[in-house]
Every structure is written in structure tokens, then in C-alpha cells.
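These notes concern the structure reproduced below.
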Amino acid sequence: MIASVPRPPVDWFAISPSLILLGVAGACLLFAVLVPDAARRATAAATAAGGFVGAFVAAILLYDKTPVGTSVIADTVRRDRYFAMAAIILAGVGLVAVLVSYSEREKAHVAEYYALLAASAGGMMFLTQANTLMTLFLGLEWFSISLYILCAIDYGKERSLEAGLKYLVIGGFGSAVLLFGSALVYGATGKLTFDGIAQAVAAADLQHDALLLTGLAMIIVGLAYKASAAPFHMWTPDVYEGAPTSVTAFMSAATKVAALLLTFRILVTAFPQEEKLWTVAVAVIAVCSLAVGNYAALVQKNLKRLLAYSSISNAGFMLIAVSANSALGGRALVYYLIPYAAASIGAFAVIAARERELGREVTIDNLAGMGWERPLLGAAMWTFMLSFAGLPPTGGFLGKFYVFSAAYDHGWLWLVILGVAATAVSLYYYLNVIRALYLRPGTELQFAAGGQPPRDLLLQAGAIACVVVVVGSFFAVQPLIDLATKAVASL
Amino acid sequence: MTSHGWLTTTMIMLPLIAAVVIWVIPMPRVWVAPAALLVSLFEVGFWIEALVRYDFDRGGLQEWNHATWLKDLGVSYSVGFYQGYSVWLVGLTTVVMAATIAYGFWMGRDRPRAYYGLMLFLTGAIVGVFTAQDLLLFYVFWEAMLIPLYVLIGAWGGPGRLNATIKFVIYTMVGSLLMLAAVIVYGLQAGTFSMIAGGTNPSDWIFLGFAAAFIVKAPLFPFHGWLPDAYRESPAEVSAVLSGVISKAAAFGFLRICFVLFPVGVQDFRTPILVLAAIGLVYGSLLAFRAPDIRGVVAYSSLAQLGLIMLGLFATNDLGIDGAVLQMVNHGLISAVLFLLAGAVERRTTTGRFEALGGMAKGRPALATVLMATGVMALAVPGSTAFAGEFAILAGVFQQGWFYAVVGAVAIVLAAMYVLRMISGVLHARKGPAVHDGALDLRPAELAILVPLVVILLFLSAWPAAITERVTTAQPSSIPAGTTAATAAGESK
């Protein structure tokens, strides 16, 4: 009897950003068969872009209309400003991803590509509003599976296929660990909702329960896989290198946003009693990421690999903010993600343009002279590198400043010192990119450019938008910090 | 509160905005250099206005402009002229930057939009360093100086530029990042990053964080590894900026931040820093005497002169500090002129090595006169402004120990040796193989750039008290805790 199953009231508005993107994904799949070849790419891309704009607007409305965070739909998802902020960032990233990928995608699977892009962004949004271990896993798999396929979408190319497979195997392993951990936590507390877990732990005094702690450790590990934090980062360089560059652009920016924001949410809301343990654990993972990311990046020649290691090191910085376990840390995390996401997708956009121009892989060496030949893309790349390195006038600088402040506020001066040391090391390879762009003459290139000239207005618009965000977040930092403060307060 | 301080903000923002305009708005190549020069001359004009407005008798913070930047951490955009010395150093900056931009114009640097944009950006950042009243803002401007320099040296420099830039950046960034950690610790302990309201902090570690950045940037022996390469491989006018202005930003950092906020650290580390400064003074002078080319002489003499300036500062008495500030201005102008002259000589002979030079005085009276006049002031003949500065420094540091004064006096003798060697190596001696008879004398345009700088030096020689009597109103080391906060309260009413 259908009627006898109690159905919870559904707050459609709370999940509207994900729903919009799901709808767009469905529409794009239909376009794959219904729209003729000639118009398919434009239709699918425009629809996807429209979907991201819609999700962006919906997220802004959600932020505006949700002064107090609540759990909705039978407490399975959260409707709060923290989620709305995540959805805003993710929708922005998705929109730029559409701009960047438009010229790269030719005929093959173009509509499916945009369908998967929209679906994975929707999954990430859903993940950041998860309020139970079930919805967490659902969101995680939702976006992961979309990304596995996206990585392998150029299956004619061996590298792309390899990237997809590697991501699938290792990502699947990470998901399994997370699922196992969730089961253990459920076994220990009998609860699935985050606040329910916290209450059950407090009520039954379970802080030292072995089952619960093992589960917590496995959840952290599973999320660290997704955030590509060391020592769970092994897949990152290969997948970033092998996947189509526009996919890497989206993935590098968006998965970090989703995974790290969710990490902070679940640790703070579900495991406040185990704070002493997980702050140290996260700090250790952060230090590992800083060490591995920076050390390995020093010797990279391939730019996509270099940025992959740079993303590992940046995950380390953001995990410092998580480990501070404070409102300041949360603010630092949310703020850091904004310029980071923009710089990340922007940098890969520039690489994509260069790749198309040269018709081969982009290495440090064959960036030579690009800053002078392509002033706009060169200056944009320069800005992104400065932001990664944490130099003014970019948001990356203030992000690092907030992260270090949060760590110091937590009483961890040693973490500040390590972070500063890591920044010093990272300068070497970021400046190496700028050096290649501006200080080496283009005549050093030993081959003829084999690709199409990068006359790609959409990609350039995307890069400019990223520059505006990266530099703008430096000057307009106070409004963004206000947004982040309210977001964290609504957890 | 006498004024809203828009003058200070204008002086920072005008070159920064002009730089962005030059980068973004397409304009004919021939317009770029004149536009940049015009902006830099406006900067000089604004500085003269600031000089007129600044009340040296009252001292303290004037032309203060303030706006909240990061509310939750107590960071603000806060700029103004604090004490007379910041007025003089901003003046040095605007004058030297105008001269160097004019020199770049004369040299006809290629890729003009990038080049002049970077030079203007650098101008704004340096003025920002000298006027920032908030530690994070200071740090932002401090770092903002680095990036244009990196590209200016790397893209327009000599053949060894790539290694020079790497050394330069790694050295200075390690120092700067220690400063960032110190800024964060200081700011979060004080609850504000304001240099005015923050008050003093007794921690030696925070002092050392700041000192690391300043010592590397100055540089002080033994942290000068980046200096010879950077000064040799840069374009001449960028060397002039590095040695003339950027090194002064480091000395300024000690004066403005360490002396005011960390009096305990200054007391604790006075002796080590004085010893390093004295060693650097002698060591730099000896290396300058051995250097094979003009730029080497000026570069190592820079190391020596910075040692002398640090001796004056860390004498921590009025006499030493007054002398040090005068000497900062002197050395800034002298080394700017010498580097530009080095560039002019290199342009005519394709080399700066003494073995290939010589005998250039004959038939080139203007070059000989300018080089001779500047060189004589560089070696501090009695009556010159450098003599006044060095005398005050030595008299000041004598109160810390006769030993330092003796070292300083010895170094002045060494200065005479290396300067005279340079002058004779270029102008006199036998005519070198690289000197063609056709090599021209200084052209009118070059004279128009160099002569004003020399005239300022001559003016200061006649009246060094113009600066020494207008450095500070209170002895920095004797400012008791809380006075600075009270000054700020008075200003903000």
C-alpha cells in the first residue's frame, strides 16, 4: 500500500541547484540523439551553461532566504548557507568549465560530455549538503562516477582511457573505505545523521569507542582520497595528466571544493567530541600533502603534472584550515577555495589553449615566450601562479594569510612555520612557470607549432573571468569573508 | 587631524593605476614612455606637495588615510607619513624612479608597455612600503616590489639573468616569508595589525622574523649572495633602483617597524647586528676594491654603504639615526647616478670591465665631470653631503663603542681607494681597447637625467641639516610603550 508509507515533506527549493543540473543533464542526453550533428554542440553547451547559471542563481537565492540552517527532507540533507556558498562556487566553476571546453570538444560525444559535466556538478552540490552518511555516499558516488566517465571520454586516446581506469580503481577503493567507515560509525552509534551521531556519542559516552574511532579514521581517509591529499594522492598526477585538459580543469577546481567543504562539515558536526584526535590527524595529512606536493612538483616538466602536485600541496593548506576546527578555520577554508578554484580552472584553461596551439603536450620548456606572444593568456597564467604561490595582489595571498592565522589561533605555530616553509619551496616551481612565460625567448622552441591558433573567445572570456575572481577576491575580501562567516555560522 | 591623507593614497595609487592602464589599454608604442615619464614626474610633484604639507616640528603620523580591510582580524588599509624620514625616503623614491624611467625612455627599451607598466607598478609598491601603517599592508607592498623586479631583471637583463633572478627571489622570499609568519604572530597577539595602535611587543622571535626580511633585502653580510649577480645582470636603471631605493626599504623597515614595535629585540640584538654591519662595511669595501668592473664596484660599495647605514641606525641615538637617514638619501642618489653612468659607459663601449676601459675623459668633458663629481661625493670628501652623513653616523656609533667608529673610519679610507680606482679606470689611465674615438660624450638627454640628481647632492652638501634636522621628533628607541597608540588616538579624533 503506497499510501501507508509515510512520505517526508520535500523542500524542493533546498535541492534546487542539484535538480536544475540533473534536469540539464537529462536534456543534454536527449540532445545526443535528437539534435542534428551540426547544432548539437552549441545546443548542449548552451543548455549546460544555462543550467549552471540557473544553479548559480538558485544558490544565491538559497543563501539569501536561509538565514538559519535547517535539516530538511527527513533530515537527510541540510539547507544552510554553507551549502549555498559551496553551490555558488561550484556553479561558477561549472560555467567556466563550459566556456573552456567548448572549442576542445568536437563531434564525438559532445552532448554526453555536457550531460556528465552538469551531472557531476549536481552531485558535488548534493554532497556538500549531505546530512547523513547515506546521502554523503550517494553524493560522492554520483559525482565520482560522472568524473570517471569524463576522464575516459576520449577513449580513442590511450592516456585518457588510462586516466579513467586509474581514477575508477583508486577512487572506487577510496569510496569503499569511506563506506566501510560509515558502516562502522553506524554500528557504533546507531545513527546516520551527522548531529544524531554527535548526540549519540555524547549520550553514551562513546568518545573512546574503538568501532567509532576506526570508522572516523576510515571516513577521513576516504575523503582524503577525493581531496587528493597525501598519502592518498597517488592517482592525482596520472589522472590530471591523462584526462582531457578541460576535464582536468573542472575536476581540479570542483572536487576540491566539494570534498574539502564536506570534510569540514562532517568533522565539525558529527565528530565534535573526537576533536582532539581528528584535528591532529588532519594536520598530519596536511603536512604530508605539503611535503609530497611541493617536493614532487619541483622536478615536474609536464605542466599538468606540475599543477597536479600543486593541487596536492594546496589541499594541504586547506586541510590546515580544517584542522584548526574553529569558525576562523572554516572562514579561511571557504575563502581560500574561491581564488583557488578560479586559479585552478583558469590555469588549466591556459594549458588547454597552449595545447591546442602547439598540438602537443605542454611542458615548462614549450611555454617559452608565450607571455609575449599571447599577452592575455600569459598575464592570466602569471596571475594564477601568483595566486597559487600566495603572493599579492591575489586572493591566494589572503587565503594563505587566513589559513596561517587560523592555525596560529588554534595554537599551532609549528604548522604556520611548516606552511611558510612549504610556500618558500613552492615559489621555485611557480616562478619557474612565470620564467618560462616571460624570461625565455620563444625562439627556444625547437619545433613548429602544429595545432590551431588559440583564437578562442569563449576560453579567453573564461580566463578573464578567473583573473577577475582571483584579483577581485584580494580587493573585495571583506564581503567574501562576511559571506563565509555567515556560511560557517549556519553549519 | 590636519588632512584626510588623500595625498598619500594618490601617491600610491596613481602609478599603480597608470601601470594597469598601460597594460590593458592599447596605445601607440611611442606614447607609452612619455606617459610613464609624465606619471613619474607627477609623483615628484605630489611629493613636493607632501614635503610642504608635512609639519616636521610636530612629526608623528600625518597625511593619514585609513579604511578597514579585514574587519575580523583587525587589518586595515592605513597609509600616511610617519616621521620625517618617511617623507625623505618617499622623495628619494620618486626622484630616482623618475630618473630611471627617463633613462629607460632614452635607452628605448623594447616591449614598452610591459616595461613601463612594471616600472610604474614598482614605484607605487615602493611608495606603499614607505607609507604603510599596517603590517599586513606593509607586507603586501613589500611583496609587490618583488614581482616587477623579477620580470624586469629577467626579461631585460644581461646574459646571466636567469640565475640572477632565481638567486634574488629565493633569498628575498625566504626572508619575506619569515616576516609573514612574524606579522601573523604579532597581529594576532596584539589583536590588530596596525603599526600605530599595535603597541610594542617584547618577543625576540617576532623581531627576528622581521629582521630576517630586512637583513636579506638590504643586504647585510653574510646574506648578500644574491647581490653581485642581481646588480650586474639587471638593466642599468633597474640596478639603480635596486641599490638606490629597494635597499633603503630594508633600512626603513628597521627604523619604522623594529625600532618602534620591538625595542626589546633591538636592544637584545644590537651587538650582533652592529658586528655584521661592521664586517659588511669592511668586506664590501675590500671587494669593491677588487671588483673588475664598474657595476661590481658600485654593487659592493652598496653592501659597504648599507653596513654603514646600519651602524648608524643601530647606534640607536639621534645622531646616528639622523646621519643614517641622510646617508640613505645620499647613497640612494649617488648609486643611482653611478649605475646610470655605468649603463651609459657600457652602451658606448659594450663593456664595464676596467681592463677594456680607460682614457674616456679625453674629449668627453661632461661624462668626466659628472662621474668625477659623483665619485668625489661617494668617497665622502669633507664638505660633501656624504661626509656629513658618515660623520654623524660615526659620531653616533662611537657612543656604542669606539671600535665601531674605528672600523667605520677605516672603511671610509677604503671607499676613497675603490672610488678613485673606478674613476681612474674609466676616465684616466691608458685608453682601453673597448673605447672608440667615436664613442660620444653624454648626450643632452642623459645630462638632463643625471644633472638634477647631482644638483640635489650638491644642494644637500651645502645644507645637510635640511634632512638631519627633520628626521624624527622623538628618539625612536626612547619611545615608551603606549606613546604610539596615543598618537594614533590623537590622529583619529
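Naming convention: chains lettered A, B, ... in sequence-line order (proteins, then strands); numbering from 1 in each chain. The structure displayed is predicted, hence computed values, not measured ones.
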| task | Let me know if Ile166(B) has heavy atoms under 4.5 Å from chain A in its side chain, its backbone, both or neither. | result | side chain
| Given that the side chain runs from C-beta out, which part of Leu431(A) has a heavy atom under 4.5 Å from chain B: side chain, backbone, both or neither? | both
| task | Could you check which of Leu178(B), Thr68(B), Ile147(B), Val174(B) has the highest count of heavy-atom pairs closer than 4.5 Å to chain A? | result | Ile147(B)
| field | Which portion of Leu376(A) sits near chain B, non-hydrogen atoms under 4.5 angstrom | value | neither
| query | Between Trp382(A), Tyr408(A), Phe474(A), which shows the greatest number of heavy-atom pairs under 4.5 Å with chain B? | reply | Tyr408(A)
| Among Lys71(B), Arg113(B), Arg111(B), which has the most heavy-atom pairs under 4.5 Å with chain A? | Arg111(B)
| note | In terms of heavy-atom contacts, Pro15(B) and Thr123(B) come closest through CB-CB, 4.2 Å
| query | chain A heavy atoms under 4.5 Å from Leu180(B): which part of the residue, side chain, backbone, both or neither? | reply | side chain
| task | With a 4.5 angstrom heavy-atom cut-off, could you sort out which part of Arg161(B) is near chain A: side chain, backbone, both or neither? | result | side chain
| request: Go through the atoms of Val75(B) and report whether side chain, backbone, both or neither lie under 4.5 Å from a heavy atom of chain A. | output: side chain
| request: Starting at CZ of Phe262(B), measure out to OG of Ser203(B) and round the result to the nearest 0.5 Å. | output: 7.5 Å
| What part of Phe401(A) is in contact with chain B, defined as an atom under 4.5 angstrom from a non-hydrogen atom: side chain, backbone, both or neither? | both
| said: Before you tell me yes or no, could you show the steps for Cys258(B) and Phe214(B) under side-chain contact (heavy atoms from CB on, under 4.5 Å), namely the whole-Å CA-CA distance, both residues' side-chain angles and the distance that decides it to 0.1 Å? | reply: CA-CA 10 Å; Cys258(B) 293; Phe214(B) 302 147; 3.9 Å; yes
| For Leu70(B), is it the side chain, the backbone, both, or neither that has a heavy atom closer than 4.5 Å to a heavy atom of chain A? | both
| Aromatic ring pairing Phe121(B)/Trp23(B), orientation class (parallel under 30°, perpendicular over 60°, tilted between) | tilted
| query | Any ion pair linking Arg440(A) and Asp365(A) (charged N to carboxylate O, less than 4.0 Å)? | reply | yes
| query | Between Ile153(B), Val24(B), Leu136(B), Leu146(B), which residue shows the highest count of heavy-atom pairs closer than 4.5 Å to chain A? | reply | Leu136(B)
| request: Give the ring-plane orientation class for Phe269(B) versus Phe207(B), where under 30° counts as parallel, over 60° as perpendicular and anything between as tilted. | output: parallel
| query | Is Trp205(B) atom CH2 crowded by more than 12 heavy atoms from other residues, nucleotides or ligands, each under 6.0 Å away? | reply | no
| task | Using the six-membered ring wherever Trp is involved, compare the ring planes of Phe388(A) and Tyr430(A) and label them parallel, tilted or perpendicular (cut-offs 30° and 60°). | result | parallel
| request: Indicate yes or no: does Arg331(A) engage Asp72(B) in a salt bridge with an N to O separation below 4.0 Å. | output: yes
| task | Could you please spell out the steps behind the side-chain contact (heavy atoms from CB on, under 4.5 Å) verdict for Tyr438(A) and Met370(A)? | result | CA-CA 7 Å; Tyr438(A) 286 96; Met370(A) 181 189 171; over 6 Å; no
| With respect to chain A, which residue among Val169(B), Ile170(B), Leu162(B) yields the maximal number of heavy-atom pairs within a distance under 4.5 Å? | Leu162(B)
| query | With a 4.5 angstrom heavy-atom cut-off, which part of Val140(B) approaches chain A: side chain, backbone, both or neither? | reply | both
| Is chain A contacted by the side chain of Ser176(B), its backbone, both, or neither, given a heavy-atom distance below 4.5 Å? | neither
